[in-house]
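Chain naming here is simple, since letters A, B, ... match the order of the sequence lines and numbering starts at 1 in each. Worth knowing before you read on, the calculation uses all heavy atoms, side chains too, and leaves out hydrogens, waters and symmetry mates.
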Amino acid sequence: MIVRLRVFGVISTRLGGAKADVELPEGAVLRDLLDAIDARWGATLAPDFWEPGTKRFKGSVLLVSEGMDLMDESSPLADEQQVMVLMPVSGG
Amino acid sequence: MKGYMGKLLRVDLTARQSREEPLDAEAVRDYIGGSGLGVRLAYDEVLPDTDPLGAGAKLIFMTGPVTGTVLGTAGRFQVIYKSPLTGMLCDSSSGGHWGGEFKQTGYDGLILEGVASEPVYLFIHDEEVEIRPAGHLWGMDTFGIQPLLLEEVGEPKGHVLAVGPAGERGVLYSCMVNDAGRAPGRGGNGAVMGSKNVKAIVVRGTRSVELADEGGFRQEALRINKLNATDPRFKDLRELGTPEVMDNSWAVGDIPVKNWSRGSYEEMSVSLGGKKMRDTILVPHVACHYCTIGCSRWVKIDKGPYRMDGPGPEYETLGALGSMCMIDDLEAVSYAAHLCNVYGMDTISCGATIAFAMECYEKGLITTEDTGGIELTWGNKEAMLTVVEQIAFGQGIGKLLGQGTRKVAEQLGHGSMDYAVQVKGLELPMHDPRAYFSWASNYATGPRGGCHLHGMSGFLENRQDPIPEWGLTGYFPRHGDEDKARVTQLAQNWSAILSSMVLCYFATFTLQPSDLASLVNKATGWDLTSEDLSLIGDRIHALYRAYNYRCGIRREDDRLPVRSLVPLAEGGAAGKVPDLERQLREYYELRRWEADGKPSHASLVELGLADVAADLYP
């Protein structure tokens, strides 16, 4: 199955673009996606945005899909699911 | 008194006299400076029943112990006053260079009182004060007046703070503007200054600030400047400014659309975003005083109906005058922001009031008869621009809309208060409590009303261990009410310290309280700890609340507008609503406020506010 990442702001420069597809085994969950991100981009995301030990984003980086924050690492993912990766910063 | 000039300047406009007063050393230790000290001065000098636009009102300008140093973001100032928009105490902060220059004139603060019998401007230069006639300047905008005044006083290196036509006419959300486009935007300080017949304050100073540990401070300041220059989280902010928020925050449902009635709207947000601005109208710009974050924008539009050359709109402005009004034309919104700048108006309240008026028009509460034929429909950018002009000059429907959403709703009735999106009269900023739940208690209890700067609580959510030094450890998911009252409380204390040191709120992204304590200590020679700062933040907040309680603010005023608690149908906050009552209940316990909203006697005494306790519990 394919999970389609849509990446915003400074994180996208670390991932080499605003969009990326991640191939995962059928029945994959969020933990599988994080492992895949670690394998592919962990080195370029760390240390600012990635914790290699826990294989999680750090800071205020959010994973959002279908209007929901993905928090639970056992959350199932679906083929063609879009996952947005962003770090909201604000003010003004 | 290291870190301070040690003096306040008091100007009696009625008598056209000025005098110096020593800075109260004990009060400085208790409140640091800036808004904290300003709130103390206001509490002591401005009676709660004072008419904000009357002769008894005062305008208090304050700097802090690090103002004017090489520390980035330390060129700011705070202005403290009773707000004509809310009827409560208000403080507002501005960047640029005016604040640093003012301190170098030899004063830590300025208190304006009374009313001049004719328009005047003040020229303050190296401990000299001149009150000069300003009849020839009355009516000028806040940009055109700058070079003219600098030439008139013969100080090309000076800095000008001025009100525009909106402040002269008493628009309740008018503001002062300094350094061509920087403004203490909120709460109507422009109207207060205009009511005193003061058009401008020009400052030029060459005095230097003596610090307790010059070398140590410089080393620490340069470390922080470097940290801000290299922190990857600031990369987008530096490149795109706060408009970058438009590019991504729609995904989490944080950007209000159509007067807070609609959820995420990607296309509109991106059309108004930082990338679009960069690719079309952005030109090179300069940062505020020594700032290495460099978020400020400058835009130039060479052709078409919206030709302008001026500061670029901030995120809040793009939301208020753009997505709130369903206008996705970046040039039109930039031009509207420019009009607000030159006329001297808060873009948040102005845009929010126009969006509210558009909804009233849609519902038939405002008609073309009221607007003089203007069709105030959603997305009508020409109507929006015309109304901005009318508000600034008190013409047509602008006379009504210049009073802000609460007062307009009071006059229109028919349930319109439900979608007048304000707290205690101050229009909400462009961050949705349905997207980040802590905004709920933060807006409801904000000392100056609905505000994201007096407690940047939403920015502490979804962040691991936001303020560990103050015990705020863990992770606070944005869509949850657990511990959000505590997030709000500490965020408010954190903001109180920043605004008392008079630093930019972006400093919270890279610094911890101990960093701030270190800066204060090296500047002053004190030995404050991180915990001391927390206590001072609590004290400032309690004093602010006590003043507002005396203005009549009670528990029932700590609320959110109905509209902001209606679930959205779409987007990153769809179906989510914070539990405001739970947050408030917990917040009141943390703050130790009584059921009616009054700080408890014991808490006031413990915070060193026994005199305030005596006032509230006679």
Side-chain angles (χ1 to χ4, degrees), chain A residues 3-20 30-31 33-34 37 41-75 81-92, chain B residues 231-237 239-249 251-255 263-264 274-275 295 313-319 347-348 429-431 435-436 452-453 456 458-464 466 475 477-479 504-506 508-509 568 570-576:
Chain A
V3 168
R4 303 199 185 280
L5 295 183
R6 189 169 173 198
V7 193
F8 293 81
V10 65
I11 309 287
S12 69
T13 62
R14 299 293 181 95
L15 265 59
K19 291 182 178 175
L30 177 59
R31 180 70 261 168
L33 175 62
L34 293 172
I37 290 172
W41 296 292
T44 56
L45 284 168
D48 300 316
F49 305 108
W50 189 255
E51 289 179 345
T54 58
K55 297 183 184 177
R56 287 180 190 155
F57 282 101
K58 63 187 283 193
S60 55
V61 177
L62 285 175
L63 299 177
V64 180
S65 184
E66 295 165 0
M68 302 285 288
D69 294 357
L70 296 178
M71 308 277 292
D72 182 352
E73 295 188 358
S74 64
S75 300
Q81 184 170 347
Q82 184 185 71
V83 175
M84 295 188 281
V85 184
L86 68 156
M87 187 186 66
V89 174
S90 206
Chain B
D231 191 300
R233 289 171 296 178
F234 286 138
K235 178 182 176 295
D236 289 343
L237 203 53
E239 183 186 343
L240 306 174
T242 57
E244 66 129 338
V245 179
M246 274 285 170
D247 292 313
N248 61 42
S249 277
V252 291
D254 194 35
I255 304 172
S264 305
K275 287 179 181 168
C295 72
E314 301 284 353
Y315 162 72
E316 300 291 333
T317 304
L318 292 163
T347 55
I348 296 176
M430 302 298 110
H431 300 286
Y436 292 89
H452 66 304
L453 296 174
M456 301 175 72
F459 310 144
L460 300 180
E461 296 184 69
N462 288 106
R463 194 163 143 182
Q464 189 66 40
Y475 189 82
R478 64 194 182 104
H479 286 137
C504 176
Y505 298 102
F506 282 139
T508 56
F509 293 149
L568 291 162
E570 65 282 288
K576 309 286 190 192

Part of B:Ala574 within contact of chain A (heavy atom distance under 4.5 Å): neither

Interatomic spacing from CD in B:Gln464 to CD in A:Glu51 - rounded to 0.5 Å: 7.5 Å

message: Taking side chain as everything from C-beta outward and backbone as N, CA, C, O, which of these in A:Thr13 sits under 4.5 Å from a heavy atom of chain B? Side chain, backbone, both or neither.
response: side chain

task: Kindly determine whether B:Arg233 and A:Met87 satisfy side-chain contact (heavy atoms from CB on, under 4.5 Å), including the steps that lead there.
output: CA-CA 9 Å; B:Arg233 289 171 296 178; A:Met87 187 186 66; 3.7 Å; yes

- prompt: To the nearest 0.5 Å, what is the distance between CD1 (A:Ile11) and NZ (B:Lys235)?
  reply: 11.0 Å

- prompt: Is the backbone N or O of A:Val10 less than 3.5 Å from a side-chain atom of B:Asp236, with the two atoms forming a donor-acceptor pair by type?
  reply: yes

- request: Check step by step if side-chain contact (heavy atoms from CB on, under 4.5 Å) holds for A:Met68 and B:Lys576.
  value: CA-CA 10 Å; A:Met68 302 285 288; B:Lys576 309 286 190 192; 3.8 Å; yes

statement: Shortest non-hydrogen pair, A:Val64 vs B:Val252, comes out as CG2-CG1, 4.0 Å

message: Return the CG to CZ distance between A:Asp69 and B:Arg478, rounded to the nearest 0.5 Å.
response: 4.0 Å

message: Looking at every non-hydrogen atom in both residues, tell me the closest pair between B:Asn248 and A:Phe8 and how far apart they are.
response: CB-CD2, 3.7 Å

